[in-house]
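Residue numbers begin at 1 in each chain, while the letters A, B, ... track the order of the sequences. Everything quoted here is computed from the prediction, not taken from an experiment.
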Number of protein chains: 2
Amino acid sequence: MAKKKFVEDKRQAILDAALSLFADQGFHGTSVPQIAQKAGVAAGTIYRYFDGKEAMVNVLYRHWRETAQGFVLSEFPVTAGPRAQFGAYWQRLFEFALTYPKAIAFLDFHHHQPYLDAKSFETERAGRATLRPFIEHAQQRGELKAVQPEVIMAITIGALIGLVKSAREGNVKLTPALIKEAEEICWSGISTPAAAARKK
Amino acid sequence: MAKKKFVEDKRQAILDAALSLFADQGFHGTSVPQIAQKAGVAAGTIYRYFDGKEAMVNVLYRHWRETAQGFVLSEFPVTAGPRAQFGAYWQRLFEFALTYPKAIAFLDFHHHQPYLDAKSFETERAGRATLRPFIEHAQQRGELKAVQPEVIMAITIGALIGLVKSAREGNVKLTPALIKEAEEICWSGISTPAAAARKK
DNA sequence: TAGTAATGAATGAACGTTCATTCGCTGGAG
DNA sequence: CTCCAGCGAATGAACGTTCATTCATTACTA
């Protein structure tokens, strides 16, 4: 057991190093020896744990997409109204972004890239599918504007990623107050005027 | 004269090939011989026109950022009200994205990357600086929400990029009607309730 | 001591870049 | 009009380096 633990520690060190380097330099901009050095192992050791560089980026991609999804959904108010659900989603995703900044950078950088395999694309698709019913339900209640759910997702996540990137470049500072302001902006964009008025 | 024309054609062929490959595969994912092959020239020829791969990506970055900026500003209604200005900005940027899809993908892919030089970063900064006064003016008139202008920019451009990417992945189709819907969503997000009500 | 985990030098392919050579046009001589 | 010397543009083989990956060897554990 103690031995198995040791083995898993080494695997984890490799994954951590790879996440950080991929997030900063991208897949093609990062070399395997570089990952090995940062992880504190020999280059050959990586191939005891992964089939190769592509397999490694796919393991990372799926792991962090599922982690992000789980992180948000673990506190999602399934029975609450649309406004509260949107607020929870928004706040929780920023909490994730601030807790795991490398993971957010990695996921954005490697989104839909050609070296991701079918299983990784499926993880991506499943994530969107989980979200869609909540949007449709809110639209049926007349609280979200009646556009394609994909448009709501693209705008919301796009705005969120835009803010995270802007913060990374030093143009804004992601304080709780600013995140709340941005939440209000985003909600008043996607919600119907009626729903917005009801809130007042 | 006719000879000089020929020379410039070759330079342009290299830039076109590089734009397309960088947009699809990224900087590190594209090799110089690959660019040469796509441009229909020998690898060595590239070095008659550019100092190297890094110089090439910087030339492309600055060229397309300035082109995009010029494309939008050439029809910008400087004296109109904030709502009309936002509409013009939004529509014109989508027009650019649909006219030069590779350029938009390239600019997004290579934004703020470590191989961009100081001059390219300056081009980036100047672009934001041009926009800021219009946002501040609209805020003074009480038509845009009173948050940091950078937040308005990050959310607006983030949402726009989110839509363009979603379209590239086949999740939505960028019809004029959809672009107009998205414009309305974005404007009702960043504008004050008072300004939104006035429009009705 | 047996067996597995880890190593890092070795490998061949591919990288960005260079440069000796070739190509193709131009303008003056015959 | 024909020829070819001169010259910059274009080439692609060759360079040294670095890449991802392999594997014979070593180190460690049980």
- Roughly, in whole Å, what's the span from CD1 in A:Ile46 to C1' in D:dC23? 16 Å
- In whole angstroms, the gap separating C1' of D:dT22 from CG of A:Asp51 amounts to 14 Å
- Kindly write out the residues that satisfy side chain to side chain donor-acceptor pair (under 3.5 Å) with B:Asn58, not counting sequence neighbours, or none if the list is empty. B:Ser120
- Within this structure, what is the CD-to-P distance between B:Gln37 and C:dA14, rounded to whole angstrom? 13 Å
- Among residues two or more places apart or on two chains, list those pairs meeting ring-ring contact (aromatic ring centres under 6.0 Å, His included) that have a residue in residues 122-163 of chain A. A:Phe76-A:Phe134
- Give the rounded distance in Å between these two atoms: OH of B:Tyr49 and P of D:dT11. 9 Å
- Distance check: side-chain N/O of A:Lys10 vs OP1/OP2 of C:dA5, anything under 4.0 Å? no
- Check ion pair B:Glu122-B:Arg62 (N to O, under 4.0 angstrom): no
- Give a yes or no answer on whether the side chain of B:Ser188 reaches the backbone of B:Glu184 with a donor-acceptor pair at less than 3.5 Å. yes
Polar atom pairs (N or O), protein with nucleotides 15-19 of chain D, under 3.5 Å:
none

- Task: In whole angstrom, give the distance that lies between atom CZ of B:Phe50 and atom P of D:dA10.
- Result: 12 Å
- Task: Using atom CZ of B:Arg48 as one end and atom C1' of D:dG12 as the other, report the distance to the nearest whole Å.
- Result: 14 Å
- Are any non-hydrogen side-chain atoms of A:Trp187 and A:Thr156 less than 4.5 angstrom apart? no
- Task: Before accepting this row, confirm whether a basic side-chain N of the pair A:Lys38/A:Asp16 lies closer than 4.0 Å to the acidic partner's carboxylate O.
- Result: no
- Message: Is there a side-chain contact between A:Tyr47 and the phosphate of D:dC23, meaning an N or O under 4.0 Å from OP1 or OP2?
- Response: no
